[in-house]
Asker: 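Sharing a structure with you now.
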Amino acid sequence: TASRLGTAWSVEGAPALPDGVYTARAEQSDVLNDVGVSAPSTFTIDTTAPDTAVSSGPSGPTNDPTPEFAFQSADAAGFLCRLNAAGQAESSAFVDCASPYKAGALADGAYVFEVAAVDGVGNQDQSPANRSFSVDTAAPQTNITVGPGDTTTGSATFVFSSGDAVGFECRVDAGSWEACVSPESFSGLTLGTHRFEVRGSDAAGNVETTPAGWTWRVLGSGGTIPG
């Protein structure tokens, strides 16, 4: 349909045009049937929202309180991001951002990062890409619950545990740290004082900086054990 406003004419396309590239021209004639054609006007119809993907960044536990996320989209002219505590997705609005996006210092807890691409004509990804993660900067604490007292035997067994640890390392007499599990046993110990140490590591990568320790003595046969 065409309408006239003063000397300007407008045309509304019908039916709706599918996505694609189009060229429009206007043709006009006067009372003498002289015909003129306007310069072409090329335009693009794009109603398809872009798709967004997060290519890197934490997913699950991390001990980095300032995590960084990289993301991409084949059709994006820009991006919108938001970062919220888990369960509070509506607590903050999307804001302009660019890849990589680095979060400010976060307290320990669970979070959700979301990012939506926006294309050159304003279509926005309505299903933003997201990453759920948790910040954990606290190292686990290990407790030794069973260990030897002074003894005349050259062997020892230790039982230990930690509520947050997913793995342990042990050593005796300041030797090298080696992976271990509870209970951990040692044999062939020489006479004298010995010290056992164990440290835990959690899923976020935190390693215990103050290992649990246990000191005891191996005495010679016929020696007196105090107490």
Side-chain angles (χ1 to χ4, degrees), residues 19 44-145 160-171 174 176-182 197-213:
D19 285 8
T44 301
I45 293 179
D46 178 7
T47 61
T48 303
D51 188 43
T52 318
V54 179
S55 54
S56 68
S59 178
T62 177
N63 59 8
D64 181 1
T66 58
E68 185 174 279
F69 298 88
F71 39 87
Q72 59 192 23
S73 174
D75 303 322
F79 293 94
L80 298 172
C81 298
R82 72 177 175 184
L83 178 64
N84 286 301
Q88 299 179 356
E90 303 303 324
S91 63
S92 65
F94 281 96
V95 297
D96 290 336
C97 61
S99 180
Y101 171 90
K102 190 173 184 65
L106 300 175
D108 283 13
Y111 297 89
V112 177
F113 170 73
E114 296 175 278
V115 56
V118 181
D119 66 18
V121 296
N123 296 307
Q124 179 178 330
D125 188 353
Q126 296 302 306
S127 56
N130 65 79
R131 282 285 178 96
S132 297
F133 66 100
S134 60
V135 175
D136 176 9
T137 59
Q141 296 294 316
T142 306
N143 295 311
I144 302 173
T145 55
F160 46 88
S161 63
S162 172
D164 301 325
V166 296
F168 295 96
E169 291 182 314
C170 299
R171 69 179 181 180
S176 59
W177 290 102
E178 296 183 0
C180 59
V181 296
S182 179
E197 292 177 291
V198 56
R199 65 186 183 189
S201 58
D202 62 20
N206 298 299
V207 178
E208 194 170 358
T209 57
T210 54

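Scope of the values below: all heavy atoms of this structure, side chains included, with no hydrogens, waters or symmetry mates.
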Asker: Looking at side-chain heavy atoms only, is the closest gap between N84 and R82 below 4.5 Å?
Answerer: yes

Asker: Less than 4.5 Å apart, side chain to side chain, heavy atoms only: is that true for L80 and V95?
Answerer: no

Asker: What do you reckon, are the aromatic ring centroids of F133 and F113 less than 6.0 Å apart?
Answerer: no

Asker: Over all heavy atoms of both residues, which pair between D75 and P50 is shortest? Give the atoms and the distance, please.
Answerer: CB-CB, 4.0 Å

Asker: Can you see which heavy atom on A165 is nearest to which on G200, and at what distance?
Answerer: CB-CA, 4.1 Å

Asker: Looking at P140, P211, S162, S182, which one forms a side-chain contact (heavy atoms from CB on, under 4.5 Å) with F168?
Answerer: S162

Asker: Going by atom types only, do N143 and T145 share a side-chain donor-acceptor pair under 3.5 Å?
Answerer: no

Asker: Please find the pair of heavy atoms, one from C170 and one from F160, that lie closest to each other, and give the distance.
Answerer: SG-CZ, 3.8 Å

Asker: Please lay out, stage by stage, how W177 and R199 fare under the test side chain to side chain contact (heavy atoms under 4.5 Å, CB included).
Answerer: CA-CA 9 Å; W177 290 102; R199 65 186 183 189; 3.3 Å; yes

Asker: When rounded to the nearest 0.5 angstrom, what distance separates OG in S161 from CD in Q141?
Answerer: 12.0 Å

Asker: Could you tell me if S201 and E169 have a donor-acceptor pair between their side chains, going purely by distance under 3.5 Å?
Answerer: no

Asker: Distance check, rounded to the nearest 0.5 Å: N130 atom CG versus F71 atom CZ?
Answerer: 13.0 Å

Asker: Would you say that V198 contacts T142 through its side chain, given a criterion of any heavy-atom pair below 4.5 Å between the two side chains?
Answerer: yes

Asker: Tell me whether R171 contacts the main-chain N or O of E178 through its side chain, where contact means a donor paired with an acceptor under 3.5 Å.
Answerer: no

Asker: Within the 4.5 Å heavy-atom criterion, are V115 and V54 side-chain neighbours or not?
Answerer: yes

Asker: Supply the atom-to-atom distance T62 OG1 to D136 CG, rounded to the nearest 0.5 angstrom.
Answerer: 9.0 Å

Asker: So, for F79 and F94, is the gap between ring centers shorter than 6.0 Å?
Answerer: no

Asker: When rounded to the nearest 0.5 angstrom, what distance separates CD in Q124 from OG1 in T52?
Answerer: 8.5 Å

Asker: Would you give the length of the straight line joining atom CD of E197 to atom OG1 of T210, rounded to the nearest 0.5 angstrom?
Answerer: 10.5 Å

Asker: Report the residue from N206, N63, D108, D64 that forms a side-chain hydrogen bond (donor to acceptor under 3.5 Å, both in side chains) with T137.
Answerer: D108

Asker: Please report the closest heavy-atom contact between Y101 and C97, naming both atoms and the distance.
Answerer: CD1-CB, 4.1 Å

Asker: Roughly how far, to the nearest 0.5 Å, is the CD atom of Q72 from the OG atom of S55?
Answerer: 5.0 Å

Asker: Answer yes or no: is there a side-chain heavy-atom contact under 4.5 Å between S127 and D125?
Answerer: yes

Asker: Ignoring hydrogens, what is the shortest heavy-atom contact between L106 and P67? Give both atom names and the distance.
Answerer: CD1-CD, 4.0 Å

Asker: Does S134 use its side chain to pair, donor to acceptor, with the backbone of A110 at less than 3.5 Å?
Answerer: no

